Amino acid sequence: MNACDSAIMAGVMQEAGYERVDSAEEADVVLLNTCSVRQHAEERVFGVIGALKEVKNRRPGLIIGVCGCMAQRHGSGIRARASHVDIVCGTDRMGRIAELVERAREGAVVDTGSSGEMPPSPTMPVANPGRGEGYGVTSFVSIMRGCNNRCAYCIVPSLRGPERSRPAGEVVVEVEQLARAGVREITLLGQNVASYGREGPVRLAGLLPMVAVVEGIKRVRFLTSYPSDVGRELLDAIAGIEEVCEYIHLPVQAGSDRMLKAMGRRYTRDEYLRLVDEIRTAVPEVAISTDVIVGFPGETGADFDETVSLVEKVRFDSGYMFKYSEREGTRAADLADDVPAAVKQSRLVQLIEMQRQISLERNSSLVGRMVEVLVEGPSEKDRDMVSGRTRDHRMVVLPGGDDMIGSLVDVRVAEAGPWTLIGEPAERKELVP
Ligand code: SAM
Ligand code: SF4
């Protein structure tokens, strides 16, 4: 989501005549897009803001903007802590960033107004973030903003507002533009993407075929699905539409009903497990990933054991594990953050290690099998290799050069690690257009 918002700002700035440069040293304007989900993320941003002070001391004309969730959350508090920041730009204002930069030339600007407006679509590539300029092979498309859920620990709804879905026609036009620019794989994004179009007329299951038929698009994914919103129609769309990939990110957060209830999640352990069965029956080749929070207030050893047993039972393909981080203003912040730091840490380490082993075993079961890979770019570690993903979102590194980028290739899996597969030289199925 943040990559998408950064692309929106980059596009707005480019339209206003700015160019992207590689470092703060060369820049006239530095914009930091930020995340508030966990305390640690915020501390890192404050570290970067601190480091920019020196650059600003040397070049007082430099304009520094803090944008997104931290800006929305702290407002003028950012400037109270770091007076060298010129712009504080909230989550609904990123589409107006160029205007704020101009105003900042006259004096500091804090704009965290919430108009409920949808920001413009990105006009700069969101594709392959971090892989340089130009559209890549894969791209994110934000199809909704905000969240109507009220998970007790989560700050997102208060910073990003209620759910708003973009009209299906607008999404399709953006996908058509991306396809013409060479994008082959689209990931439709929303905090709670499975509730897209709740007010109608087009739900996610209806949007998927509209995007899948866009010429040039070979694969479609969607992120993130709140378990209670995943229904039969969506599963039928994954199973029935060739381009829709067999991958679903299905955050469970905890394995005990007591914790799920305290977290304000709208499903029980059994309902989640039944949903996993239903997904695997409907889409046998599916990969399922998850998010888990350990150390939520009141989490006992027995609660944690239930999370461990759920992870063991489901055997997720991958998992993102977090330590609970208290966020002021959330319902959970009224509860005592009573799981000692050392206990949180040891639960986290145990869970990460367990998931690492499960991911390794699942990946190892693919050794010797053929998988379809969409080649995204050169491997970061070895210039004689390229990397891409399988339909079920596993990273694969294989021998090859730049001419393979954008191709769909059939690859035999030679080796497997917990996070990556190594492939043998590939047979190309689709040539770069
Ligand atoms: N909307 C998605 C959902 O509910 O499935 C998740 C969005 S959230 C930005 C990404 C993940 O961050 C969550 O799934 C949760 O595991 C984690 N998270 C959110 N708030 C947290 C907190 N206060 N402490 C630790 N982890 C948190
Ligand atoms: Fe946060 Fe829950 Fe909404 Fe996800 S579903 S963004 S965790 S409130």
Side-chain angles (χ1 to χ4, degrees), residues 1-5 33-44 68-70 72-73 91 140 142-165 187-196 198 204 221-230 234 247-255 259-267 271-272 275-276 288-299 304 307 310-311 316 318-339 341 344-345 347-348 351-352 355:
M1 307 234 72
N2 270 10
C4 223
D5 285 341
N33 192 14
T34 59
C35 170
S36 286
V37 170
R38 283 168 292 276
Q39 179 69 25
H40 181 61
E42 290 206 346
E43 278 159 11
R44 279 182 26 214
C69 286
M70 272 178 73
Q72 192 69 33
R73 182 160 132 86
T91 46
F140 297 122
S142 175
I143 62 168
M144 59 194 295
R145 295 182 77 83
C147 179
N148 284 353
N149 288 314
R150 287 284 175 270
C151 302
Y153 49 81
C154 184
I155 192 128
V156 168
S158 69
L159 298 178
R160 298 216 164 230
E163 272 173 28
R164 287 146 286 159
S165 297
T187 302
L188 305 175
L189 288 182
Q191 288 297 349
N192 191 5
V193 78
S195 78
Y196 171 82
R198 205 188 279 281
L204 181 60
R221 305 182 187 279
F222 54 90
L223 276 178
T224 293
S225 304
Y226 189 95
S228 323
D229 295 319
V230 176
L234 184 56
Y247 169 66
I248 186 158
H249 184 56
L250 197 71
V252 66
Q253 312 297 2
M259 282 299 103
L260 288 171
K261 193 159 180 227
M263 288 177 169
R265 302 288 285 183
R266 292 184 280 112
Y267 50 87
E271 284 165 352
Y272 185 92
L275 176 62
V276 168
I288 303 178
S289 60
T290 202
D291 293 346
V292 177
I293 298 176
V294 298
F296 185 79
E299 185 187 68
F304 177 66
T307 298
L310 183 137
V311 169
F316 293 102
S318 58
Y320 304 87
M321 315 301 186
F322 306 106
K323 278 188 283 190
Y324 169 68
S325 169
E326 185 177 299
R327 308 279 61 205
E328 204 186 319
T330 59
R331 279 182 289 130
D334 294 337
L335 307 170
D337 188 3
D338 55 359
V339 179
K344 276 187 194 167
Q345 180 64 20
R347 287 178 186 170
L348 181 74
L351 214 52
I352 290 175
Q355 182 57 53

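Reckoned from all heavy atoms, side chains included, excluding hydrogens, waters and symmetry mates. Just so you know, these numbers come straight off a predicted model, no measurement behind them. Every number for a ligand or one of its atoms is a count from 1 in the order of the listing.
Distance check: Arg265 CZ to Tyr226 OH gives 4.5 Å after rounding to the nearest 0.5 Å. Asp337 contributes atom CG, which lies 9.5 Å from atom CZ of Phe296 (distance to the nearest 0.5 angstrom). Separation of atoms CD1 (Ile143) and OH (Tyr196) is listed at 6.0 Å; rounding is to 0.5 Å. Here the CZ-OG distance, from Arg327 to Ser36, works out to 6.5 Å after rounding to the nearest 0.5 Å.
In terms of modelled atom types and a separation under 3.5 Å, the side chain of Thr290 and the main chain of Leu250 share a donor-acceptor contact. Within the 3.5 Å criterion, the main-chain N or O of Met259 finds no donor-acceptor partner in the side chain of Glu299. The backbone N or O of Gly298 sits less than 3.5 Å from a side-chain atom of Asp338, completing a donor-acceptor pair.
Between Tyr272 and Tyr267, the ring planes are tilted. Angles from 30° to 60° get that label.
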Quick check on ligand 1: any N or O pairs to the protein under 3.5 Å? One line per pair.
{"unit_1": "ligand 1", "atom_1": "1 (N)", "unit_2": "Gln191", "atom_2": "O", "d": "2.7"}
{"unit_1": "ligand 1", "atom_1": "1 (N)", "unit_2": "Gln191", "atom_2": "OE1", "d": "3.3"}
{"unit_1": "ligand 1", "atom_1": "4 (O)", "unit_2": "Arg265", "atom_2": "NH1", "d": "3.2"}
{"unit_1": "ligand 1", "atom_1": "12 (O)", "unit_2": "Arg38", "atom_2": "NH1", "d": "3.1"}
{"unit_1": "ligand 1", "atom_1": "14 (O)", "unit_2": "Gln253", "atom_2": "NE2", "d": "2.7"}
{"unit_1": "ligand 1", "atom_1": "14 (O)", "unit_2": "Asp291", "atom_2": "OD2", "d": "2.6"}
{"unit_1": "ligand 1", "atom_1": "16 (O)", "unit_2": "Gln253", "atom_2": "OE1", "d": "2.7"}
{"unit_1": "ligand 1", "atom_1": "23 (N)", "unit_2": "Tyr153", "atom_2": "O", "d": "3.1"}
{"unit_1": "ligand 1", "atom_1": "23 (N)", "unit_2": "Ser325", "atom_2": "O", "d": "2.8"}
{"unit_1": "ligand 1", "atom_1": "24 (N)", "unit_2": "Ser325", "atom_2": "N", "d": "3.0"}
{"unit_1": "ligand 1", "atom_1": "26 (N)", "unit_2": "Arg38", "atom_2": "NH1", "d": "3.4"}

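Residue Arg265 places a heavy atom less than 4.0 Å from ligand 2.
Considering every non-hydrogen atom in both His249 and Ser289, the closest pair reads ND1-OG, 2.7 Å.
Less than 2.8 Å away from atom 1 (Fe) of ligand 2, the protein contributes these N/O/S atoms: Cys154 SG.
A side-chain N or O of Gln72 and one of Thr91 form a donor-acceptor pair less than 3.5 Å apart.
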